[in-house]
Undergrad: 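Below is a structure I'd like to ask you about.
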2 protein chains.
Amino acid sequence: MEFSDAKNKFVQTWGALGSQWGINKTMAQIHALLMVSADALSMEDIMEELQISRGNASMNLRALMDWGIVYKEYKAGERREFFSAEKDLDELAVKIAQERSKREIKPALKVLKEVSSTVSDTSQEAKHFTEQTTKLYDFVLKADNMLEKVTEYKDNWLARLVVKIMK
Amino acid sequence: MEFSDAKNKFVQTWGALGSQWGINKTMAQIHALLMVSADALSMEDIMEELQISRGNASMNLRALMDWGIVYKEYKAGERREFFSAEKDLDELAVKIAQERSKREIKPALKVLKEVSSTVSDTSQEAKHFTEQTTKLYDFVLKADNMLEKVTEYKDNWLARLVVKIMK
DNA sequence: AATATATTTCATTTATTTTTGAAAGTTCAA
DNA sequence: TTGAACTTTCAAAAATAAATGAAATATATT
């Protein structure tokens, strides 16, 4: 396969995968592009390669930087900014896990705790509700804690985990 | 909090969480509703409670059944169908992991393998691309294998995992 | 301080996804 | 075998999300 075709295929696939996980397509594509670029790209480069507008590029680059998985770079004698992606995959996984925990899981836990502990109604229905949401709270909390622990390993957590699980 | 308010809050939150993970809101809401319902609900019940159309209910129930996390039930002397959710959380997690692996990760792996192994171009750019996509392939494969292993434990994999990781 | 270059913002447009609802399809009972 | 009860399908409508592009803002250069 031609290099350019392969790159394109990879970027498209990564973009599609992103949407299936609630990440907007362009954001995932920019990330993919930066991941496989040997050196940092300017906004112009990204716009050109993905055929997107300046505003779109700007907003999604900002979002990727907020996630902590894309960095700004400055080149000597260059006025414009360049961007590069976190290329260490362990680090990438950790960052994504941390952000998802902070943005989505933690707030959900808060609600789960609230609804599982404030229903005083004694009907069968209400009892079942409280029981089930309590279980869910415990489960999600445990999963979230696991994510946090995994994150502390930083390097090679996945490999370590695989070893532990396999045995 | 009133039972009905709590239930509503839970259903809404679960729905919002779903969208952030690429699952449509109504599908997540139906699932949430069934999770906390003491007994199976008819399509009519679900339409009523969530204020959605018949078509919407039908399609999302089908999707949930395809995921293997909602079941049809038949009641003696009742013509219409009833639905209930998988309430065992370990089982639920396993099912979701399996489906996501099958639908999204496996196809992505296929593409990663292809693009990482068919670029013959010898430019620096192309070399970097091949190197990076190969790493990504290895990483995703390892993660997917882990998911599979975890799945084999069936019961209490999460608790076990937490114990292993903590120590 | 004026100008040129680069980036961000955001109201509007466009694209995508989800929902509706009515017609077609099933199933069962009389 | 007819028809009532229920479910599914799918074209069209509605809702939501994402992208555009031009004006505003910021930053550097002369």
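None of these values were measured; they are calculated from a predicted model. First the proteins, then the strands, lettered A, B, ... as listed; each starts at 1.
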Undergrad: So where does chain A start and stop touching DNA chain D, 5' to 3', when the test is distance under 4.0 Å to a non-hydrogen atom?
TA: dA18(D) to dT29(D)
Undergrad: Using the rule side-chain contact (heavy atoms from CB on, under 4.5 Å), only one of Gln98(B), Lys95(B), Arg103(B) pairs with Trp67(B); which is it?
TA: Arg103(B)
Undergrad: Where along residues 31-54 of chain B does a heavy atom come under 4.0 Å from DNA chain D, residue by residue in number order?
TA: Met43(B), Arg54(B)
Undergrad: Do you know which of Ile30(A), Leu33(A), Leu61(A), Leu41(A) makes side-chain contact (heavy atoms from CB on, under 4.5 Å) with Phe83(A)?
TA: Leu61(A)
Undergrad: Expressed in angstrom and rounded to an integer, what is the separation of Ile23(B) atom CD1 from dT18(C) atom P?
TA: 11 Å
Undergrad: Taking only Lys NZ, Arg NE, NH1 and NH2, and the carboxylate oxygens of Asp or Glu, determine whether Arg62(A) and Asp66(A) approach each other closer than 4.0 Å.
TA: yes
Undergrad: What is the distance, rounded to the nearest whole Å, between atom CD of Glu78(A) and atom C1' of dT7(C)?
TA: 15 Å
Undergrad: Taking NZ in Lys113(A) as the centre, count heavy atoms belonging to other residues, nucleotides or ligands within less than 6.0 Å. Is the count above 12?
TA: no
Undergrad: Could you tell me whether a side-chain N or O of His31(A) sits under 3.5 Å from a main-chain N or O of Ala85(A), the two making a donor and an acceptor?
TA: no
Undergrad: Which residues satisfy the salt bridge (Lys or Arg N to Asp or Glu O under 4.0 Å) test with Arg80(A), sequence neighbours excluded?
TA: Glu78(A)
Undergrad: Is there a residue in residues 65-76 of chain A whose heavy atoms reach under 4.0 Å of DNA chain D, and which residues are they?
TA: none
Undergrad: Please report, rounded to the nearest Å, how far the P atom of dT18(C) is from the CG atom of Asn60(B).
TA: 9 Å
Undergrad: If you count heavy atoms of other groups shown closer than 6.0 angstrom to NZ of Lys25(B), is the number above 12?
TA: no
Undergrad: Sub-3.5 Å donor-acceptor pair from the side chain of Glu2(A) to the main-chain atoms of Ser4(A), do we have one?
TA: no
Undergrad: For residues 47-54 of chain A, which side-chain N or O atoms pair as donor and acceptor with protein atoms under 3.5 Å away, sequence neighbours left out?
TA:
residue  : atom : partner  : partner atom : Å
Glu49(A) : OE2  : Lys7(A)  : NZ           : 3.3
Gln51(A) : NE2  : Glu48(A) : O            : 3.0
Ser53(A) : OG   : Asn56(A) : N            : 3.2
Arg54(A) : NH2  : Glu44(A) : OE1          : 3.1
Arg54(A) : NH2  : Glu44(A) : OE2          : 3.3

Undergrad: Roughly, in whole Å, what's the span from CG in Asn24(A) to C1' in dT17(C)?
TA: 14 Å
Undergrad: Is a side-chain donor-acceptor pair under 3.5 Å present for Asp144(A) with Ser101(A)?
TA: yes
Undergrad: Over how many whole Å does the gap from Met59(A) atom CE to dT8(C) atom P extend?
TA: 11 Å
Undergrad: Grab the CG-C1' distance between Asn56(B) and dA22(C) for me, whole Å please.
TA: 15 Å
Undergrad: Closest heavy-atom contact between Glu73(B) and Ala40(B)?
TA: OE1-CB, 3.4 Å
Undergrad: Tell me yes or no: between the side chains of Thr122(A) and Lys127(A), is some donor less than 3.5 Å from an acceptor?
TA: no
Undergrad: For nucleotides 25-30 of chain C, just jot down a letter per nucleotide in 5' to 3' order: B, S or -, based on protein non-hydrogen atoms under 4.0 Å.
TA: --BB--
Undergrad: Tell me, do Tyr74(A) and Phe82(A) make a side-chain contact under 4.5 Å, heavy atoms counted?
TA: no
